[in-house]
Asker: 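Please see the structure below; I have some questions.
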There are 2 protein chains.
Amino acid sequence: MNLPPLIQSFVLHFGEMGSRWGINRTVGQIYALLYVSPEPLNAEQIVEALGISRSNVSMSLRELQAWNLVLLKHLPDDRRDFFTTPDDVWQILRTLAEERKKREVDPTLSVLREILMQQPASEAERHAQARMSEMHGLIEQLTTWYEDVKQLDTDRLATLLTLGAKVTRLLEAKDKIVSLGRSKRSTEKG
Amino acid sequence: MNLPPLIQSFVLHFGEMGSRWGINRTVGQIYALLYVSPEPLNAEQIVEALGISRSNVSMSLRELQAWNLVLLKHLPDDRRDFFTTPDDVWQILRTLAEERKKREVDPTLSVLREILMQQPASEAERHAQARMSEMHGLIEQLTTWYEDVKQLDTDRLATLLTLGAKVTRLLEAKDKIVSLGRSKRSTEKG
DNA sequence: TCGTAATTTCAGTAATTACAGAAATGACAG
DNA sequence: CTGTCATTTCTGTAATTACTGAAATTACGA
């Protein structure tokens, strides 16, 4: 590996993390390298920078393309493929969220739905279905929220994040007023 | 494997998904089994239900405990360990979020911070640092939001999720009013 | 303090996944 | 066409990870 020390730390870290993210070391390293490169890189440059085989680079880039995490660019009068990551980190976040949902959530959701359609044949199955139904409900609530906020443009999304706690405080205030109203009325009744 | 068909589907699915979630098949299967079981199970029961070795069960339970995903229970006059998952799916979600953050986000955040402390020795490093800084900023914003909303009790969290889009519409309305005011003033000026 | 049951650790093996190098394919210029 | 360069696919091997069965440890009752 032949990289400036500061970049190498970053690349190596992404490699190590790779396994925890469900991708492998090489894929993680290539992504990190592309992310910090000022210019798009071609396969040969990646081979030199990371010291890995040409075929490994080819397959890893394939993987990154399947995740929609890299952009393919072409330079005039050059047949080679050059790769970058999107400039906008928020766009990267969106892609990541979408792809992980597709791979890690949607399949479970559809399996749950399928199982919940069936008639339980025993008390054990009935209880299991009830549990699965709870899980299904939670996941649906989360994905509904996600589908909702992912529509937001970046500014509004950022605002929503920054707001986070404040929305909460607003809700608490509302609750307080409502419950005050309720307890007053219930006092009057009781 | 010796389970009612409906439960078996669920367990097998969690096993298959296991790899995508960064845990292994057995761990996924055991978790799924405990999740749908009406009563806590001991190791031997898991061995019988899933048809895997006793030692494998022991190591997988260890892994699940490291993730705080299972509860250890003891019955009176019985030395064996019995395991369950929490009843409340929201609690499970919280644990999952916390553990994944700890494993998948925090290490990256600290590596980024460390690298950003250093003096870039070249233009390439300077640019790389700028990119890392963008990433760091985004992750910080996300984790701040997370630290914020994770404090909420479940009712309020659920409300926040359901609200999702509506908060947005509120923001949009506010934006419209503000920008109307601005454009009016700028028209007056221009 | 011995014996027994439960659990954990360990060492070897099986299974899976990652990778390199070679061969094949594709794309284009002349 | 043919030759060249870029990329992909394929096959075998290396490395890693998952798993088993045996041995060791722990916990506790008699």
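Residue numbers start from 1 in every chain, and the chains themselves are labelled A, B, ... in the order their sequence lines are given, proteins ahead of strands.
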Asker: Would you say D78(B) has more than 12 foreign heavy atoms packed within less than 6.0 Å of its CG?
Answerer: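 Count over threshold, so yes.
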Asker: Output the rounded distance in Å from CD1 (I52(A)) to C1' (dT17(C)).
Answerer: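 Taking atom C1' of dT17(C) as the reference, CD1 of I52(A) is at 16 Å.
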Asker: Just how far, in rounded Å, is P of dC5(D) from CD of Q45(A)?
Answerer: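 After rounding, the gap between these two atoms is 17 Å.
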Asker: Check the distance between dA6(C)'s C1' and R62(B)'s CZ and give it to me in whole angstrom.
Answerer: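 Going from CZ in R62(B) over to C1' in dA6(C) covers 14 Å.
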Asker: Rounded to the nearest angstrom, tell me the gap between atom CG in D81(B) and atom C1' in dA6(C).
Answerer: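 Atom CG in D81(B) sits about 8 Å away from atom C1' in dA6(C).
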Asker: Hey, is the side chain of R79(A) pairing donor to acceptor with the base of dA6(D) inside 3.5 Å?
Answerer: no
Asker: Whole angstrom is fine here: how far is it from CZ in R20(B) over to P in dT17(C)?
Answerer: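 It works out to 12 Å between those atoms.
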Asker: Atom CD1 of I23(A) to atom P of dC19(C): distance rounded to whole Å?
Answerer: 11 Å
Asker: Would you call M1(B) and L12(B) a side-chain contact if the rule is heavy atoms closer than 4.5 Å?
Answerer: yes
Asker: Check the orientation of Y31(A) and Y35(A). Use parallel for under 30°, tilted for 30 to 60°, and perpendicular for over 60°.
Answerer: parallel
Asker: Taking OP1 and OP2 of dA6(D), is either one under 4.0 Å from a side-chain nitrogen or oxygen of R80(A)?
Answerer: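 Yes, within the criterion.
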Asker: Any side-chain N or O of S55(A) under 4.0 Å from OP1/OP2 of dA22(C)?
Answerer: no
Asker: With a 4.0 Å cutoff (strictly under), does any side-chain N or O of R25(A) reach OP1 or OP2 of dT16(D)?
Answerer: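 Answer no for this pair, as no side-chain N or O of R25(A) is under 4.0 Å from OP1 or OP2.
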Asker: If only side-chain N and O atoms of N24(A) are considered, is one of them under 4.0 Å from the OP1 or OP2 phosphate oxygen of dC19(C)?
Answerer: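 Answer is yes, contact under 4.0 Å.
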Asker: Is a side-chain N or O of E140(A) found less than 3.5 angstrom from the main chain of G137(A), in a donor-acceptor match?
Answerer: no
Asker: Roughly how many Å is it from CE in M59(A) to C1' in dC10(D), rounded to a whole number?
Answerer: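 In whole Å, dC10(D) C1' and M59(A) CE are 9 Å from each other.
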Asker: Indicate whether OP1 or OP2 belonging to dT8(D) is found under 4.0 Å from a side-chain N or O atom of S58(A).
Answerer: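 Yes, because at least one side-chain N or O of S58(A) sits under 4.0 Å from OP1 or OP2 of dT8(D).
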Asker: Looking only at heavy atoms, what is the nearest atom pair of T26(B) and S60(B), with distance?
Answerer: CG2-OG, 3.4 Å
Asker: In whole angstroms, how far is the P atom of dA6(D) from the CD1 atom of I46(A)?
Answerer: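 After rounding, the gap between these two atoms is 14 Å.
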Asker: Using the closest heavy atom to pick a nucleotide of DNA chain D for each, name whichever of S19(A) or D78(A) lands nearer the 5' end.
Answerer: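 Per heavy-atom nearest nucleotide, the more 5' residue is D78(A).
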Asker: Looking at R54(A), I'd like to know whether one of its side-chain N or O atoms comes within less than 4.0 Å of OP1 or OP2 on dT7(D).
Answerer: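 Yes, within the criterion.
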Asker: Which nucleotide sits closest to the side chain of T26(B): dT7(C), dT4(D), dC19(D)?
Answerer: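 The answer is dC19(D), which lies nearest to the side chain.
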